[in-house]
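Chain identifiers are assigned alphabetically (A, B, ...) following the order of the sequence lines, protein sequences preceding nucleic acid strands; residue numbering begins at 1 within each chain. All values reported here derive from a predicted model rather than from experimental measurement. Values below: every heavy atom of this structure, side chains too, minus hydrogens, waters and symmetry copies.
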Number of protein chains: 2
Amino acid sequence: MHPLLQHINRQTELKEKDFDVFINIFKTGDYTKNHLLIRPNQKIEHQYFVLNGCLRTYLIDSSGKEHTMQFAVENWWVSDYLAYYKKDSSIFFVECMEDCRLMRVRKSDLEEIFQSIPVIESYFRLQLENAFAAFQKRILSSLNLTAQERYSQFIKIYPDIEKRVKNYQIASYLGITPESLSRLRKKRISKNQD
Amino acid sequence: MHPLLQHINRQTELKEKDFDVFINIFKTGDYTKNHLLIRPNQKIEHQYFVLNGCLRTYLIDSSGKEHTMQFAVENWWVSDYLAYYKKDSSIFFVECMEDCRLMRVRKSDLEEIFQSIPVIESYFRLQLENAFAAFQKRILSSLNLTAQERYSQFIKIYPDIEKRVKNYQIASYLGITPESLSRLRKKRISKNQD
DNA sequence: TTTATTTCTTACCATAGGTCAATTTTTTCC
DNA sequence: GGAAAAAATTGACCTATGGTAAGAAATAAA
């Protein structure tokens, strides 16, 4: 079964027939490590489904610091969603951190499909609801937890991602410096983990 | 024109006729200041549209500290959305900070309407997209900005809210202590604002 | 109005995390 | 396999924000 159909059917029920129509609005492409899928100041009309690989959405602020908004691995959707939804220009970089195989879909094509296959629309609304919940939890963590605790939580929730990305990128996701993360890691080891 | 219809038609186009059907699934109610609309460990089947008043969604963590997830004033939707969407039990309090007039709608009723009046579904998806964008910006702020800057930004974006809520509640929204906020405010004044 | 309660401010000290610079370790790529 | 580049660690020092406690101010209640 196609990984996207599988993913859709975890939350809804899409018929094979409808999926065959749906899949036609996608284009699959291969991208090499370090490729920048999106960079700032572009119009963003596509989002991407990850078949293979690992990506990172990040921004460089006015003082030159990187801030990681999110990572994406197999079966995740990725884009600059601020730009994608709000029709602003992009502010993020989306970078392939490994060789990637992605499926690209254009927003306008997707919205047409919403009309003809309502289940697809439900699926994307559910995705939004999940993202909403994830963001809310992340905001709570930033209000609530120490850097140490956020790091432990990150490893626990995303064990698969932790192994595939650089520590300085995790640091920029947690909102701390690489130096601080290094110190946290040291403490963790001496305390024999979490 | 009804404030809800007005709000819907800012982003979509709903016919008066359809609105008349839609409005029937709501119940309007008055709540006095300090009333707790939602408290932790409940099943959440409703969301609320604010006709009048000001509310706050917050949580009390294991060490007894309050953390404010969001405020809501006229024309905002409010609920414990983690619980509402994910069918978990609530973790938040939702409190009326003034006397409030709210419109309540049940999730299952709403989802029925989605079938018969697709524009309503679009409206709620757009709401989700806006919330998504707002959360993303808030996460960026927490990665990016000092407490001072986050406070300035808060005042700038929500001037209406700032005047209606307690400072300690703003502090708990910004992720700092009331004492720290007090110090920031003092500095701001001596530096002649922003 | 007076009293009680809640909220805000201030002062002093403590601490998590930041900054900068040097060094080591790991990865990349000829 | 070895040089170059990138990433991670460490140490010394610094700063923003937290904790605690006490008093002032504002708000609510009687």
Side-chain angles (χ1 to χ4, degrees), chain A residues 32-36 54 56 58 60-68 71 93 95-99 141-155 161-191, chain B residues 32-36 54 56 58 60-68 71 93 95-99 141-155 161-191:
Chain A
T32 56
K33 182 170 175 174
N34 297 323
H35 176 74
L36 290 174
C54 180
R56 178 170 73 115
Y58 66 97
I60 299 182
D61 73 16
S62 51
S63 64
K65 279 173 212 146
E66 279 185 17
H67 303 283
T68 297
F71 299 105
F93 293 88
E95 183 185 10
C96 298
M97 296 170 52
E98 305 172 351
D99 291 345
S141 300
S142 80
L143 295 177
N144 224 337
L145 304 180
T146 63
Q148 182 77 253
E149 292 168 321
R150 296 203 304 281
Y151 180 55
S152 292
Q153 191 181 263
F154 178 82
I155 290 176
I161 292 179
E162 188 240 340
K163 288 166 209 134
R164 293 166 78 173
V165 304
K166 302 291 175 194
N167 283 339
Y168 80 86
Q169 297 170 342
I170 296 177
S172 82
Y173 177 92
L174 298 175
I176 58 178
T177 59
E179 292 91 336
S180 290
L181 179 55
S182 178
R183 287 178 196 117
L184 296 187
R185 286 160 56 78
K186 197 179 178 184
K187 275 192 205 160
R188 274 175 66 82
I189 292 165
S190 71
K191 281 188 191 164
Chain B
T32 56
K33 183 172 174 172
N34 298 324
H35 175 74
L36 290 173
C54 179
R56 178 171 72 116
Y58 65 97
I60 299 181
D61 74 16
S62 50
S63 65
K65 280 173 214 146
E66 280 185 14
H67 303 283
T68 297
F71 299 105
F93 293 88
E95 184 186 9
C96 297
M97 297 170 51
E98 305 172 351
D99 290 347
S141 300
S142 80
L143 295 176
N144 224 336
L145 305 180
T146 63
Q148 182 78 254
E149 292 169 322
R150 297 203 301 282
Y151 180 56
S152 291
Q153 190 182 264
F154 178 82
I155 290 176
I161 293 180
E162 188 239 341
K163 288 167 208 134
R164 294 166 77 173
V165 305
K166 301 291 176 193
N167 282 339
Y168 79 87
Q169 296 170 341
I170 296 177
S172 83
Y173 176 92
L174 297 176
I176 57 177
T177 59
E179 292 89 342
S180 289
L181 179 57
S182 178
R183 289 184 274 259
L184 296 187
R185 287 160 56 78
K186 197 180 178 185
K187 275 192 206 161
R188 273 176 66 82
I189 292 164
S190 70
K191 283 188 192 165

J.: Taking any heavy-atom pair under 4.0 Å as a contact, classify A/Arg183: base, sugar-phosphate, or nothing.
T.: base
J.: With sugar-phosphate meaning primed atoms plus P, OP1 and OP2, does B/Ser182 contact a base, only sugar-phosphate, or nothing at under 4.0 Å between heavy atoms?
T.: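 Base: the residue B/Ser182, judged by heavy atoms under 4.0 Å, touches a nucleobase.
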J.: Return the value, rounded to whole Å, for the distance between atom CD of B/Glu179 and atom C1' of D/dG18.
T.: 8 Å
J.: Apply salt bridge (charged side-chain N to carboxylate O under 4.0 Å, His left out) to A/Glu149 and list each qualifying residue two or more places apart in sequence or on a separate chain.
T.: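 For A/Glu149 there are no salt bridge (charged side-chain N to carboxylate O under 4.0 Å, His left out) partners, ignoring immediate neighbours.
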J.: Using the side-chain heavy atoms of B/Leu184, tell me which of these nucleotides is nearest: D/dA8, D/dT17, D/dA12.
T.: D/dT17
J.: Taking only residues two or more places apart in sequence, or in another chain, which ones meet B/Gln169 in a side-chain hydrogen bond (donor to acceptor under 3.5 Å, both in side chains)?
T.: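 If we apply the side-chain hydrogen bond (donor to acceptor under 3.5 Å, both in side chains) test to B/Gln169, skipping adjacent residues, there are no hits.
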J.: Contact between B/Arg56 and B/Glu66 at the side-chain level, heavy atoms closer than 4.5 Å - yes or no?
T.: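 B/Arg56 reaches B/Glu66 side chain to side chain.
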J.: Within this structure, what is the OH-CG distance for the pair B/Tyr168 and B/Leu181, rounded to the nearest 0.5 Å?
T.: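 It comes to 13.0 Å.
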J.: Can you list everything that forms a side chain to side chain contact (heavy atoms under 4.5 Å, CB included) with B/Ser62? Sequence neighbours excluded, please.
T.: none
J.: Quickly work out the A/Leu181 CG to D/dT10 P distance and round it to whole Å.
T.: 12 Å
J.: Return no unless some side-chain N or O of A/Asn167 is found under 4.0 Å from OP1 or OP2 of D/dA8.
T.: yes
J.: Side-chain N or O of B/Ser180 versus OP1/OP2 of D/dG18: is the shortest distance under 4.0 Å?
T.: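 So the side chain of B/Ser180 is within the cut-off, an N or O lying under 4.0 Å from OP1 or OP2 of D/dG18.
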J.: Is the phosphate of D/dT10 approached by A/Lys187 (side-chain N or O, under 4.0 Å from OP1 or OP2)?
T.: no
J.: Determine yes or no for a side-chain-to-main-chain donor-acceptor pair under 3.5 angstrom, with A/Asp99 supplying the side chain and A/Thr32 the backbone.
T.: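 Checking the backbone N and O of A/Thr32 against the side chain of A/Asp99, no donor-acceptor pair under 3.5 Å is found.
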J.: Anything under 3.5 Å between a protein N or O and an N or O of nucleotides 25-30 of chain D, put it in a table, one pair a line.
T.:
residue: D/dA28; atom: OP1; partner: B/Lys33; partner atom: NZ; Å: 3.2

J.: To the nearest 0.5 angstrom, please state how far the OG atom of A/Ser142 sits from the CG atom of B/Leu143.
T.: 8.0 Å
J.: Indicate whether any N or O donor in one side chain lies under 3.5 Å from an N or O acceptor in the other, for A/Tyr151 and A/Arg185.
T.: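 Note: A/Tyr151 and A/Arg185 side chains meet the donor-acceptor criterion.
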J.: Would you work out how much the helix from C/dT1-D/dA30 to C/dC30-D/dG1 bends between its ends, with each end axis defined by five base pairs, to 10 degrees?
T.: 60°
J.: For B/Leu145 and D/dT17, give me the distance from atom CG to atom C1', rounded to whole Å.
T.: 15 Å
J.: Aromatic rings B/Tyr173 and B/Phe154: how do their planes relate, parallel, tilted or perpendicular, breaks at 30° and 60°?
T.: tilted
J.: Do B/Arg150 and B/Ser141 meet the criterion of a side-chain donor-acceptor pair at a distance under 3.5 Å?
T.: no
J.: Using a heavy-atom cut-off of 4.0 Å to chain B, what are the terminal contacting nucleotides of DNA chain C, in 5' to 3' order?
T.: C/dT7 to C/dC12
J.: Drop me the distance from A/Ile176's CD1 to A/Ser182's OG, to the nearest 0.5 angstrom.
T.: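 Interatomic distance, A/Ile176 CD1 to A/Ser182 OG, rounded to 0.5 Å: 10.0 Å.
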